[in-house]
Amino acid sequence: MKTTKVSFFVLSLMLLLVTGLSGWAGAADAESNTSKTYVIGTDITFAPFEFQDVNGDFVGIDMDLLDAIAKDQNFKYQIKALGFNAAVQALESNQVDGVIAGMSITDERKQKFDFSDSYFDSGVVMGVSANNDTVKSYEDLRGKKVAVKTGTEGYTFAESIASKYGFTIVPFDDSSQMYDDVKTGNSVACFEDYPVLAYGVKQNNGLKTVTEPEIGGSYGFAVSKGKNQELLQMFNDGLTNIKANGEYKRITETYVGENASTTANMGRWELVQKSLPSLIKGLGNTLLYTIVSLFFAFILGLIFGFMKVGQNKFLRGVATVFVDVFRGIPLIVLAFFIYFGIPQALGFTMPLFLAAILTLSLNAGAYVTEIIRGGIQSIDRGQMEAARSLGIPYRKAMMKIVIPQAIRVMIPSFINQMVITLKDTSILSVIGLVELTQSGKIVIARTFASFDIWLTVAIMYLIVIITLTKIADHLEVKVRRG
Ligand code: GLN
């Protein structure tokens, strides 16, 4: 009787989740058919093509060109700053309608994507630390490490010459991390597109360019092969128009012309101060995602935790599988699987926040299940037996005798889990969630101030976590007394 109730509850919960999910996808589709807003993926750290200004707005040549083209052609769009590799993957799995990210038009990519006319000439160059006078050409790389950015043309190029020149590749997810690796001396050089590196050098990113650009690699706007052809057409038409009316020239000159603005002369403290609003916004998201995920994790933990200590073998088995699976898969893999894998396989679009909440809830849910199981099982069996022998029913004995004691045992582990989940939200920056860590990355992409910004981010995490644990400790004392 009891077990049927539990399984019924679990089943309805799953059903609710699935219907909610498909309803969501359906709603998104319906919307897209009426007044379509195109979702455009981009990089987060590719100045002067895309980066956030001090107000947190996306600016750069790509952003401004897209905006001018959309106005010219009268279409609506929404930007998703995912990082280059993630944006390209999102396009492949149809999570976005197009990508504009200083994306080079290459033969290999043409197999999977359709490109617009090229809108900017580029090419890969080698960058070294500004004070490095020994590495001047590919020949000087023998036995050394070279930083590259995953999924980029620079990476492919480095790979193609790595064995010839005898260097090892160290991959990074974004350009500013790659630069940092060169500045700190772990890698002696990096490969990057020349307009980007040239811009960075001008902003005092601590590097210099030492080779001539490799040929090829003009930038284009991309859509999935055979899809969104009307969007591609509008992009091309708009591009022609803005080239003709001077808008294109105005935009490119804002960023790479003689009078382009720079943050290079800003003081360190001023820079941190200017960055605080976007960091605080990121922190708000971190907290929001933590709270919502912990709520669902708690529900999952309750269900599966009780299944695990229950008498029904089948339910115990189900709960064990749940814990094994979601505790066993690294969070980052789970995030990629849910956000990119499932939508690609099933052909629907998964909203980012849903993917983020699912990932965190399932992962934390597995741990909460174990906390609850451990808590209940830590209470001496003799107590249950004594209660039963006094004629108290199982359920009543559980609620009145075992659980109140178990909760006290569980509290420290819950607090621990809260801290872990809060920190784990930072992993979701890999799928483009703009929480605190991602906000930090975005600011650094613009300012190159790694030390100051990572220090600020770390302090912000510490303040929040210490405050939360203090509050939790206080509550714990109250529970123990009461
Ligand atoms: N132009 C390079 C490429 O397409 C790099 C793009 C980027 O890092 N945003 O691979």
Side-chain angles (χ1 to χ4, degrees), residues 40-52 58-66 79-92 96 98-127 146-161 169-182 189-201 203 205 207 209 211 213-224 252 255-256 429-430 432 438 441-442 444-446 448:
I40 310 294
T42 189
D43 202 340
I44 42 165
T45 58
F46 211 54
F49 292 90
E50 43 267 333
F51 58 104
Q52 282 186 23
F58 271 94
V59 294
I61 296 177
D62 283 350
M63 298 298 99
D64 293 7
L65 285 182
L66 182 64
I79 287 292
K80 258 196 184 176
L82 298 167
F84 184 70
N85 201 22
V88 174
Q89 281 193 52
L91 186 59
E92 259 187 282
V96 295
V99 163
I100 187 159
M103 182 169 175
S104 310
I105 306 172
T106 65
D107 288 339
E108 206 189 342
R109 287 181 184 153
K110 278 191 200 155
Q111 313 280 321
K112 285 188 194 141
F113 309 114
D114 289 327
F115 282 97
S116 68
D117 301 335
S118 74
Y119 63 82
F120 206 93
D121 287 335
S122 186
V124 173
V125 286
M126 182 164 98
V146 172
V148 285
K149 185 168 157 193
T150 335
T152 63
E153 218 195 350
Y155 190 117
T156 317
F157 176 70
E159 218 175 26
S160 71
I161 60 164
I169 286 174
V170 193
F172 290 93
D173 264 346
D174 62 66
S175 294
S176 56
Q177 288 169 2
M178 178 169 84
Y179 301 156
D180 276 343
D181 205 55
V182 177
C190 64
F191 285 104
E192 176 70 290
D193 293 0
Y194 81 77
V196 175
L197 197 54
Y199 180 85
V201 170
Q203 304 278 327
N205 72 350
L207 301 186
T209 309
T211 55
E214 294 293 329
I215 6 195
S218 298
Y219 296 160
F221 168 73
V223 295
S224 259
T252 46
Y255 296 99
V256 291
S429 61
V430 297
Q438 181 80 340
K441 274 197 210 169
I442 291 172
I444 293 169
R446 177 183 73 236
F448 304 103

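Bear in mind the structure is a predicted one, so any value in this text is a computation, not a measurement. Remember, it's 1-based here, ligands and their atoms both numbered in the order they're listed. Just so you know, these numbers use all the heavy atoms, side chains as well, and skip hydrogens, waters and symmetry mates.
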Mind checking side-chain hydrogen bond (donor to acceptor under 3.5 Å, both in side chains) for S218 and listing every partner two or more places apart, or none if nothing turns up?
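Per chain and number, S218 pairs via side-chain hydrogen bond (donor to acceptor under 3.5 Å, both in side chains) with D121.
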Just jot down the side-chain hydrogen bond (donor to acceptor under 3.5 Å, both in side chains) partners of D114, sequence neighbours excluded, or say none.
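K225, Q229.
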Just to verify, what does Y119 make a ring-ring contact (aromatic ring centres under 6.0 Å, His included) with, not counting sequence neighbours?
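Not a single residue meets the ring-ring contact (aromatic ring centres under 6.0 Å, His included) criterion with Y119.
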Taking any residue with a non-hydrogen atom under 4.0 angstrom from an atom of ligand 1, which ones do you get?
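The answer is D43, F46, F84, A101, G102, M103, S104, R109, K149, T152, E153, D193, Y219, counting any residue whose heavy atom sits under 4.0 Å from ligand 1.
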Ignoring hydrogens, what is the shortest heavy-atom contact between I100 and D62? Give both atom names and the distance.
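So the minimum-distance heavy-atom pair works out to CG1-CG, 3.6 Å.
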Y155 versus K149, closest heavy-atom pair with distance
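Scanning both residues, the minimum pair turns out to be CB-O, 3.4 Å.
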Do P195 and Y219 have side chains that get closer than 4.5 Å, going by heavy atoms?
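Yes. Closest side-chain heavy atoms under 4.5 Å.
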